[in-house]
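Reviewing the structure listed below.
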Amino acid sequence: MAQHYRIATLPGDGIGPEIMAIAVEVLQVIGQQLDLSFEFKSALIGGAAIDAMGEPLPADTLELCRNSEAVLLAAIGGPQWDNLPAHLRPEQGLLGLRAGLDLFANLRPAKIFPQLIDASSLKRDVVEGVDIMVVRELTGGIYFGQPKGIFETELGKKRGVNTMAYTEVEIERVGRVAFEAARQRRGKLCSVDKANVLEVSQLWRDQITQLAQDYPDVELSHLYVDNAAMQLLRWPKQFDTIVTGNLFGDILSDAAAMLTGSIGMLPSASLGPEGTVGVFEPVHGSAPDIAGADKANPLAQVLSAAMMLRYGLNQPEAAERIEQAVQVVLDRGDRTADIMSPGMNLLGCRAMGEALIQALTETA
Ligand code: IPM
Ligand code: MG
């Protein structure tokens with residue numbers, strides 16, 4: 001009997017539907033090969049949901065996600081929704097999903113593909129061999145802290161407020177995910193904060209330091225976020241696993257991603273408490289400028305499906321086969337426009353999907 005999985009697919013906006021279609025096809029092929037059966041149910045999120053239902057995260061979408069074994073998300077947002085009031089913006093769909101599923105740990109690997117080194121804006125010797133895992137806290141910090149809002153002052157002038165707050169429990173639970181991740185990797189964890197200025201960061205640092213007693217095999221270090229940003233560009237190979245709060249993680253994970261040459265290659269996993277449903281999505285956005293033009297790079301979406309298999313469904317062999325197929329197409333010189341370099345074969349989104357499926361079938 002084939003192992004059966006219910007997967008919620010949330011294509012979202014922009015290039016989302018195009019890259020999701022490829023990931024679903026790839027999963028179907030891998031399913032046939034390894035006797036896994038996937039039942040895909042699609043739902044609206046982001047701008048697509050705003051247009052159809054008037055809200056970025058319809059209750060049915062959240063319900064479907066809760067009742068699935070895993071959620072595969074593409075990307076949300078676009079200029080046509082940028083001027084809506086804050087609670088009606090596509091981003092709220094994503095934030096609502098994170099909060100609604102309690103996805104407190106966001107794993108963002110930034111690993112260089114040797115075939116794409118020359119696509120990086122940094123020198124070869126700086127980026128060659130880079131393999132970093134950013135663990136970003138995802139449901140707390142300044143993204144969710146109260147009070148927040150734009151308030152009138154006594155002088156009739158407006159004042160914008162957000163609050164960066166973390167409880168010990170919030171720090172501990174993401175800290176444990178990061179220590180465990182470091183343990184599975186090269187045993188080094190760097191915690192990033194702004195403890196020289198922010199009280200919330202002092203608590204963060206104390207809590208992570210205390211937690212380190214439970215992980216004597218992991219070497220813990222601390223950096224202030226400004227220095228961490230600099231070190232990522234200066235000598236990224238010093239990093240193995242990084243753990244940080246929501247806002248710092250948002251920024252540093254984009255910087256880490258770009259070391260690899262293209263943000264179009266990077267997947268991510270957002271995980272909640274043990275045994276709950278995770279969300280797997282590319283790090284990149286919805287690229288509205290190329291939406292519908294068959295130019296998108298589907299590889300981050302496909303690699304997100306691989307992360308889903310590994311972290312969400314405990315099917316490491318299926319994950320490896322997909323990752324292997326990505327290596328094969330890159331070795332062959334197949335490239336989408338974002339990772340194109342002279343002498344390589346320029347493919348559209350669909351053709352890249354076909355190349356992947358061919359590679360999967362050949363290596364099976
Ligand atoms: C990300 C994005 C989101 C974030 C936006 C779209 C809300 O930048 O996933 O990194 O800020 O978390
Ligand atoms: Mg971001």
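Ligands are counted one by one from 1 in listed order, and the atoms in each one are counted from 1 as well.
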| query | Could Arg321 and Glu317 be called an ion pair, given the rule that one side-chain N must be under 4.0 Å from one carboxylate O? | reply | yes
| note | min-distance N/O/S atom, Asp250 vs the Mg ion (ligand 2), resolves to OD1
| request: Confirm or rule out an N/O/S atom of Asp254, from backbone or side chain, lying less than 2.8 Å from the Mg ion (ligand 2). | output: no
| Subset of ligand 1 atoms that lie under 4.0 Å from at least one heavy atom of Arg136 | 1 (C), 4 (C), 9 (O), 10 (O), 11 (O), 12 (O)
| Any N/O of Glu91 closer than 3.5 Å to an N/O of ligand 1? | no
| field | Pairing of Arg186 and Asp131 as salt bridge, 4.0 angstrom limit | value | yes
| query | For ligand 1, which part of Arg108 has a heavy atom less than 4.0 Å away: the side chain, the backbone, both, or neither? | reply | side chain
| remark: Closest to atom 8 (O) of ligand 1 among protein heavy atoms sits Asp250 OD1, 3.2 Å
| request: Taking only Lys NZ, Arg NE, NH1 and NH2, and the carboxylate oxygens of Asp or Glu, determine whether Glu25 and Arg350 approach each other closer than 4.0 Å. | output: yes
| query | Using heavy atoms and a threshold below 4.0 Å, how should the contact between Arg98 and ligand 1 be classified: side chain, backbone, both, or neither? | reply | side chain
| task | Quickly, which of Leu266, Leu299, Ile19 forms a side chain to side chain contact (heavy atoms under 4.5 Å, CB included) with Pro282? Name it, please. | result | Ile19
| query | Which residue supplies the protein heavy atom nearest to atom 4 (C) of ligand 1, what is that atom called, and how far is it? | reply | Tyr143 OH, 3.4 Å
| task | State which residue, out of Glu39, Gln315, Glu69, fulfils the side chain to side chain donor-acceptor pair (under 3.5 Å) condition with Tyr5. | result | Gln315
| task | Answer yes or no on whether Arg136 is positioned over the face of Tyr143, meaning its NZ or CZ is under 6.0 Å from the six-membered ring centre and within 45° of the axis. | result | yes
